[in-house]
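Each remark here refers to the structure printed beneath this line.
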Amino acid sequence: LTNSEKLLVWYDASHRIMPWRTSPADIKRGTRPDPYRVWLSEVMLQQTTVATVAAYFVKFTALWPAVLDLAAASEEDVLKAWAGLGYYSRARNLKKCADLVASGHGGKFPETAAKLQALPGIGPYTAAAIAAIAFNENVPVVDGNIERVVTRLFEIREPLPQAKPLITGRVAKLTPPARPGDFAQAMMDLGATICAPRRPSCMICPLQSDCRASKTGNPEIYPFKSPKKAKPKRVGAAFVAIGPEGEVLLRKRAGAGLLAGMSEAPTSGWTASLDGATGVEAAPFDADWKKCGAVRHVFTHFELELIVYRADAPISPPLGHWWSPDYRAEALPTLMKKVIEAALGDESSGRKLSD
Ligand code: SF4
């Protein structure tokens with residue numbers, strides 16, 4: 001058997017079960033994967049783990065079972081359902097993409113990677129994954145798991161990201177034209193379950209007899225990576241006002257820029273390229289602000305530390321702000337949930353704010 005055949009035999013018997021996946025047995029019986037579900041899962045999986053995505057995927061497909069349902073939803077509802085998955089531009093692009101598929105493609109996803117890539121939020125990797133999995137297009141799919149497997153198989157020492165074209169070339173040669181989608185998912189599964197970053201289980205790996213790194217006994221050193229630049233640090237202050245019934249004062253962020261359109265507790269200007277103010281002088285209004293902690297959060301391009309202040313402030317909300325009786329139901333980014341939880345402290349755990 002070739003390596004691809006061995007891998008597919010292993011996949012047929014040992015594939016992971018996921019809510020968006022069509023099993024190889026069902027595919028053999030003639031079921032085709034639903035492109036909407038494949039697309040939705042791939043967009044959710046960008047920068048997020050399978051374990052986190054599963055619950056969101058189930059929620060989204062219950063709310064919006066088909067692309068036309070998602071196109072009919074409001075952006076606000078989509079952002080709310082997305083809250084906690086991070087990278088909110090992905091949620092906005094998800095909605096834009098659904099709108100475009102509904103209005104410009106008659107509700108059907110285009111069937112090739114080249115055409116898919118023209119849609120919002122679909123980069124080269126996602127386009128290849130959807131085309132291979134949903135439409136069986138013979139295109140190489142390379143995610144982080146596959147990079148690890150391939151650099152080990154062929155002992156590729158060129159560091160990432162420079163090694164990407166080389167890896168893609170290898171994957172293109174390995175991909176069997178009859179089952180490109182199953183092959184891509186098999187490689188992902190192998191990387192996630194057997195060819196793990198630490199202590200890969202080479203003894204039970206279907207590719208072991210041809211794996212060069214396994215023969216040298218040191219697969220863990222792959223893939224090689226170019227050193228990362230340290231992320232710049234920014235600081236700022238966040239102000240959490242709590243009403244008499246435990247309500248939290250919120251406002252909406254501007255429609256453009258980082259976390260655009262999401263809700264937040266008022267903060268100082270940490271999104272500027274210069275560090276924001278960390279003192280109580282940056283508060284949006286006078287109150288008895290008390291420092292109650294700090295929250296760290298890592299964004300794609302910088303690390304942020306917000307000093308958190310709390311005040312029990314039964315005031316009427318300033319313009320553009322509102323008292324939220326249940327902050328968990330708001331379109332709050334993870335950073336802001338952390339900020340509010342830091343302000344509420346232990347007092348909030350196990351107690352509903354509306355009690
Ligand atoms: S033999 Fe080991 S290193 Fe090679 S692909 Fe399999 S699990 Fe990974």
Side-chain angles (χ1 to χ4, degrees), residues 1-18 20-25 27 38 41-42 45-54 124-126 128-133 136-228:
L1 293 185
T2 64
N3 279 326
S4 321
E5 287 164 344
K6 286 184 212 163
L7 186 71
L8 285 170
V9 169
W10 171 81
Y11 179 71
D12 288 347
S14 312
H15 60 89
R16 290 181 293 173
I17 293 172
M18 298 178 184
W20 49 85
R21 187 174 268 180
T22 307
S23 74
I27 288 182
V38 174
S41 67
E42 285 298 338
L45 285 164
Q46 293 164 358
Q47 330 248 5
T48 312
T49 63
V50 166
T52 305
V53 164
Y125 161 75
T126 306
I130 300 168
I133 296 169
N136 238 10
E137 188 186 2
N138 187 10
V139 282
V141 179
V142 185
D143 73 350
N145 280 319
I146 298 176
E147 282 171 352
R148 186 167 60 256
V149 173
V150 171
T151 51
R152 289 173 177 180
L153 260 183
F154 300 104
E155 281 192 306
I156 295 173
R157 284 173 174 265
E158 189 176 348
L160 285 167
Q162 295 89 317
K164 275 176 191 279
L166 190 60
I167 296 169
T168 306
R170 292 288 192 172
V171 173
K173 279 200 189 123
L174 284 172
T175 303
R179 296 179 66 188
D182 280 351
F183 178 77
Q185 294 175 100
M187 288 286 275
M188 293 173 192
D189 282 15
L190 189 79
T193 61
I194 289 185
C195 195
R198 298 275 155 267
R199 293 202 264 153
S201 309
C202 300
M203 295 304 286
I204 55 165
C205 175
L207 305 181
Q208 202 219 352
S209 58
D210 281 325
C211 176
R212 294 195 204 160
S214 168
K215 290 205 173 77
T216 65
N218 205 2
E220 278 192 13
I221 61 172
Y222 300 90
F224 285 56
K225 286 182 182 161
S226 296
K228 271 193 191 143

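Indexing begins at 1, ligand by ligand and atom by atom, following the structure's order.
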* May I ask you to decide if Cys211's main-chain N or O and Ser214's side chain share a donor-acceptor pair within less than 3.5 Å? => no
* Min side-chain heavy-atom separation Cys195-Cys205 under 4.5 Å -> no
* Kindly say whether Pro223 contributes a backbone atom to a donor-acceptor pair with the side chain of Arg148 at under 3.5 angstrom? => no
* Starting from atom 3 (S) of ligand 1, find the nearest protein heavy-atom neighbour and note its residue, name and distance. => Pro219 CB, 3.5 Å
* **Over 12 non-hydrogen atoms of neighbours within 6.0 angstrom of NZ in Lys215** => yes
* Is atom 6 (Fe) of ligand 1 less than 2.8 Å from at least one N/O/S atom of Cys211? -> no
* To do: Would you mind running through ligand 1 and noting each atom that sits below 4.0 Å from a heavy atom of Ser214?
  => 1 (S)
* Indicate whether the side chain of Glu42 and that of Tyr125 have a donor and an acceptor atom separated by less than 3.5 Å. => yes
* ligand 1-proximal atoms of Gln208, by part, heavy-atom distance under 4.0 Å -> both
* Asked: Closest non-hydrogen protein atom to atom 6 (Fe) of ligand 1, residue and atom name please, with distance?
  -> Cys205 SG, 2.3 Å
* Structure fact -> For atom 8 (Fe) of ligand 1, the closest protein heavy atom turns out to be Cys195 SG, 2.4 Å
* **Row check, Phe154 ring normal vs Arg170 NZ/CZ: under 6.0 Å, within 45°** => yes
* To do: Measure from atom 2 (Fe) of ligand 1 to every heavy atom in Cys202, Gly191, Pro206 and give the option owning the shortest one.
  => Cys202
